[in-house]
Asks: 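One structure is given below, represented as structure tokens, and several questions about it will come after.
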Amino acid sequence: MRAVVVVPVYDEAATLGALLDAVLAAAPGADVLVVDDASPDGSGDLVAARPEPRVHLLRRAGKDGLGAAYRAGFAWARERGYDVVVEMDADLSHPADRLPALLDAVGPGGADLAIGSRYVRGGGTRGWPRRRQLLSRGGNAYIRVALRLGVRDATAGFRAFRAELLERVGVAGMRSTGYCFQVETTLRAVREGARVVEVPITFVERAAGRSKMGPAIVGEAVVRVTWWAVLDLVRRLPRRQHHRPGRR
């Protein structure tokens with residue numbers, strides 16, 4: 001199965017070279033696509049200067065959100081016939097040595113979606129402040145309850161999709177821009193009856209650069225998840241039966 005690891009970047013030059021080295025070593029059969037949103041620090045130029053035939057670059061006009069970058073990368077992958085598409089951050093927070101486990105999970109006869117999960121047995125986080133841990137765990141707990149999802153780490157950004165699942169869930173038409181994009185793809189996959197598995201990973205706090213997580217991203221997730229929950233509740237409400245009075 002042909003696989004490509006899609007890595008969206010914006011000002012990740014400090015870690016991008018090490019990330020590419022780690023991915024190429026951990027998954028010798030996979031390619032890498034870096035989606036660069038016109039990074040001012042030259043992240044795209046760094047990729048363009050590498051001679052590896054397995055490393056590809058997709059330049060975009062500007063910063064337009066994580067979801068938009070992934071949708072562009074997914075479209076690129078589908079046009080080139082890849083069977084498996086992997087999401088991965090460029091800041092070294094996702095362990096490249098767990099790539100083989102994710103790819104095995106979606107191999108022949110396997111799952112449709114494999115999520116690198118912090119919140120299943122064997123998974124965890126390292127280097128996170130208490131506040132960040134509470135925000136992440138609390139957010140995932142809310143998502144599980146509100147959307148009735150059995151997935152413990154619906155916000156995880158390290159995951160492998162069978163490419164055909166991306167078409168089934170209509171990823172090209174999604175409008176989520178921040179990390180809520182991960183929740184939306186998970187929700188649609190579950191509702192499509194896809195087989196979803198969680199593979200334990202240890203998420204490590206970034207060593208360089210700044211996190212893209214901010215109030216706008218958190219706000220988008222809260223609003224969208226709540227709206228999806230309301231729609232689901234309305235859909236499950238019993239419909240009232242209207243009876244016309246009979247003639248005498």
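Being a predicted model, the structure only gives us computed values, none of them experimental.
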Asks: Apply side-chain hydrogen bond (donor to acceptor under 3.5 Å, both in side chains) to D31 and list each qualifying residue two or more places apart in sequence or on a separate chain.
Replies: Y82
Asks: Could you name each residue pair satisfying salt bridge (charged side-chain N to carboxylate O under 4.0 Å, His left out) that touches residues 167-179, not counting sequence neighbours?
Replies: R78-E167, E164-R168
Asks: For W76, give me all partners under side-chain hydrogen bond (donor to acceptor under 3.5 Å, both in side chains), at least two apart in sequence or on another chain.
Replies: none
Asks: Using the side chain to side chain donor-acceptor pair (under 3.5 Å) rule, collect all pairs that involve residues 101-112, keeping only residues at least two apart or in two chains.
Replies: none
Asks: Considering only residues two or more places apart or on different chains, which pairs with a residue in residues 32-41 satisfy salt bridge (charged side-chain N to carboxylate O under 4.0 Å, His left out)?
Replies: D37-R60
Asks: Taking only residues two or more places apart in sequence or in another chain, which ones pass salt bridge (Lys or Arg N to Asp or Glu O under 4.0 Å) with R118?
Replies: D153
Asks: Tell me, please, which residues at least two apart from Q133 pass side-chain hydrogen bond (donor to acceptor under 3.5 Å, both in side chains).
Replies: none
Asks: Tell me every residue that passes side-chain hydrogen bond (donor to acceptor under 3.5 Å, both in side chains) with R152, counting only those two or more places apart in sequence or in another chain.
Replies: none
Asks: With clusters built from Ile, Leu, Val, Met, Phe, Trp and Tyr whose side-chain heavy atoms come within less than 4.5 Å, directly or transitively, what are the remaining members of the cluster of V230, listed by chain and number?
Replies: V234
Asks: Who else is in the cluster with Y119 when I, L, V, M, F, W and Y are joined by side-chain contacts under 4.5 Å?
Replies: W128, F203
Asks: In the hydrophobic clustering that connects Ile, Leu, Val, Met, Phe, Trp and Tyr at side-chain heavy-atom distances below 4.5 Å, which members other than V223 occupy its cluster, ordered by chain and number?
Replies: none
Asks: Is there any salt bridge (charged side-chain N to carboxylate O under 4.0 Å, His left out) pair reaching into residues 135-150, and which pairs are they, with sequence neighbours excluded?
Replies: R148-D232
